[in-house]
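Each chain gets a letter, A, B and so on, in the order the sequences are listed, and its residues count up from 1.
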2 protein chains.
Amino acid sequence: MELDERKTKILQAIIKNYLETGEPVGSRTISKYTDLNLSSATIRNEMADLEELGFIVQPHTSAGRIPSDKGYRFYVDAMMLEHEKEVEQLKDVLLEKEEKLDHMLKQAAKLMAVNTNYATMVTAPRSSKNVLKFLQLSRMDASHILAVIVIEGNVIKNTVIDVAESLNDETMLKLNILLNTHLNGLSVEEINLGLITALKQQAGMYGPIIEEVIDAVAETIKEDEDLEIYTSGANNIFKYPELSDNQKASDLINAFEEKQLLTQLIDDTDSEGRNEIKVYIGEESPIQTMKDCSIVTANYEFGDGMRGMIGIIGPKRMDYDKVVGTIKTIKSQLDTMYKKDDN
Amino acid sequence: MELDERKTKILQAIIKNYLETGEPVGSRTISKYTDLNLSSATIRNEMADLEELGFIVQPHTSAGRIPSDKGYRFYVDAMMLEHEKEVEQLKDVLLEKEEKLDHMLKQAAKLMAVNTNYATMVTAPRSSKNVLKFLQLSRMDASHILAVIVIEGNVIKNTVIDVAESLNDETMLKLNILLNTHLNGLSVEEINLGLITALKQQAGMYGPIIEEVIDAVAETIKEDEDLEIYTSGANNIFKYPELSDNQKASDLINAFEEKQLLTQLIDDTDSEGRNEIKVYIGEESPIQTMKDCSIVTANYEFGDGMRGMIGIIGPKRMDYDKVVGTIKTIKSQLDTMYKKDDN
DNA sequence: CGTTAGCACTCATTTAAGTCGAGTGCTAAT
DNA sequence: ATTAGCACTCGACTTAAATGAGTGCTAACG
């Protein structure tokens, strides 16, 4: 048996209706919903076929049908093809203020949440390279040195280093020059033991400080690994009864609070379909506790190797159309942000 | 009518039992629960009195009694008096790693959440003074200057400033000296227009840069105002049926995600009872959506004018004893952290 | 006079039975 | 191939009765 055109139309009508109502949909409804002018009996026959094909299921005998994961998948795939509109007015809101990165991402998450009524997440961009761009030591007071570390993509980190004895200005200058000359442009992997030893030798009696600085650099960059994730709209899940029974809601909220779990959504998109939007439906989700949800994600590029992720999490009956649209908009927005941010 | 000793005992037994079970408690239960050896009938008489006094209420006729807000209040007040144990092993966990401030606070929140099974919050310490401690401009590349701003309490902020033309080393040095000489030790309020004008004059052709820097400083410090709040254990509310119906849970989760609302819990403690632990029960809460909860908060001092808040939010029938204990421990931990962090 | 046993009464909760209706599958007619 | 008709299913809702925890009151007791 094949999915002919009529079956397709009926299937789409069923899914569409279910997305709106959240209720199982019966043959009678479809009989009127479509412009096919078919009686409910005919629809019933077709529905039986569609069920046999695995696109829809009955939650129980003598109830209407609801889409199976396969059904959703079919619907999403079809939709993705013809999806090409865009450029909504969201852009302006996002650009309104060229704020600091974290504020911007927070806002992006919120924007998506408000716009779609689902839970959303945005990860800070992370460089796969972690190239050191700039390093600056300053004497804060007698026993503290402030190290400012800038890595590619203008991610800035600070560390305070304790020193036993105060260093004079000249020494500070020397150390700064020494470090910047040798380390700038190197990735963290390239800063190996040999290089460190050489530097320490050049620094003479200040070798220990060099070591401390480099340790701090390494740790700071590494710290960036457990990356920031901004979420918003977690409480939207309460708008969907199928997600808000106690156990499920608790699990979901937990995932959104811990954020640790959400990292599983990252990086899958890396190798294969470049820059594609991914849709996980139900059991397809890499996160077990979200098997009653659908998840739509996309990566964004933040210039030169920096990449982050945005995602929307909602019930399986989410408005895929809108969600994909929103994701695309935000994604392209973030994609172009880097140049903007850099001028 | 007065609260004699027997009534007090009965009241405490009622509350204690209700805290454990979450169910209205009847006379029969109390009759056995206490060592008073009284029949249920006697208890009933006493309960009628207690109800008349406003310490307990009946959710409906012919159900057991539950504590009123006033009842909780009585219980908490009594408990606070005799509460003096402390020094749990929590300390070690918290000290285990002298991590960066935000990690530490996050951990503190989590620790409390795990320990108590309630929702918790920790705000980053905020200085009431905002004194500029140290300022450093560095040339990052031709068109960008990195400004590092350290304010009292070792809060470090970065800003990137765009400049039209590149500045040479000498100029940078001059600017740094100029700025540090005149601004260090001043609060943001003290950096007024007169001072700025004077500085600009001294900077000559680089006046505009001075202005940008000071703007950045002002904005950065101000940005600190919408302070960080770390939360944990929000999903614990699902463990308490009285909080997890859809509407309430949604409201609570929302408060914890938005965090904006939580700021209302801050600063009340400021003027009056110094360093006291505050307990808001039910309607006493400054946050409307939390009127079914109890909230326990405390301020902690982070050295020299920096102060933050920790709080635990749970159902009215929370284990006040444990919560106050936990809060005290964490508070004293954070109080002493500053010295630790500074050595 | 405080305490207690006894008892009638209340009322949320649970259980069972019954009704309703949306929806199905099948068959026969068009 | 399509449709009308009909018996059947089964969850959802309604109603009624049973249950039982708990109360308030009264009368008896030490």
**Request:** Could you encode protein contacts along nucleotides 10-30 of chain D as a string, one character per nucleotide from 5' to 3', using B for base contact, S for sugar-phosphate-only contact and - for no contact, with a heavy-atom cut-off of under 4.0 Å?
**Result:** BS----------SBB------
**Request:** Grab the CG-P distance between Leu36(A) and dT3(D) for me, whole Å please.
**Result:** 10 Å
**Option among Tyr75(A), Tyr72(A), Phe74(A), Tyr18(A) that satisfies the ring-ring contact (aromatic ring centres under 6.0 Å, His included) test with Phe55(A)** = Phe74(A)
**Asked** Hey, are Thr120(B) and Tyr230(B) close enough side-chain-wise for a donor-acceptor pair under 3.5 Å?
**Response** no
**Asked** Does NZ belonging to Lys7(A) count more than 12 external heavy atoms closer than 6.0 Å?
**Response** yes
**Asked** Could you give the CD1-to-C1' distance, from Ile43(A) to dT3(D), as a whole number of Å?
**Response** 12 Å
**Thr329(A) side chain to Thr326(A) side chain, donor-acceptor N/O pair below 3.5 angstrom** = no
**Message:** Is there a side-chain contact between Asp292(A) and Lys248(A) in this structure, where contact means two heavy atoms from C-beta onward sitting under 4.5 Å apart?
**Reply:** yes
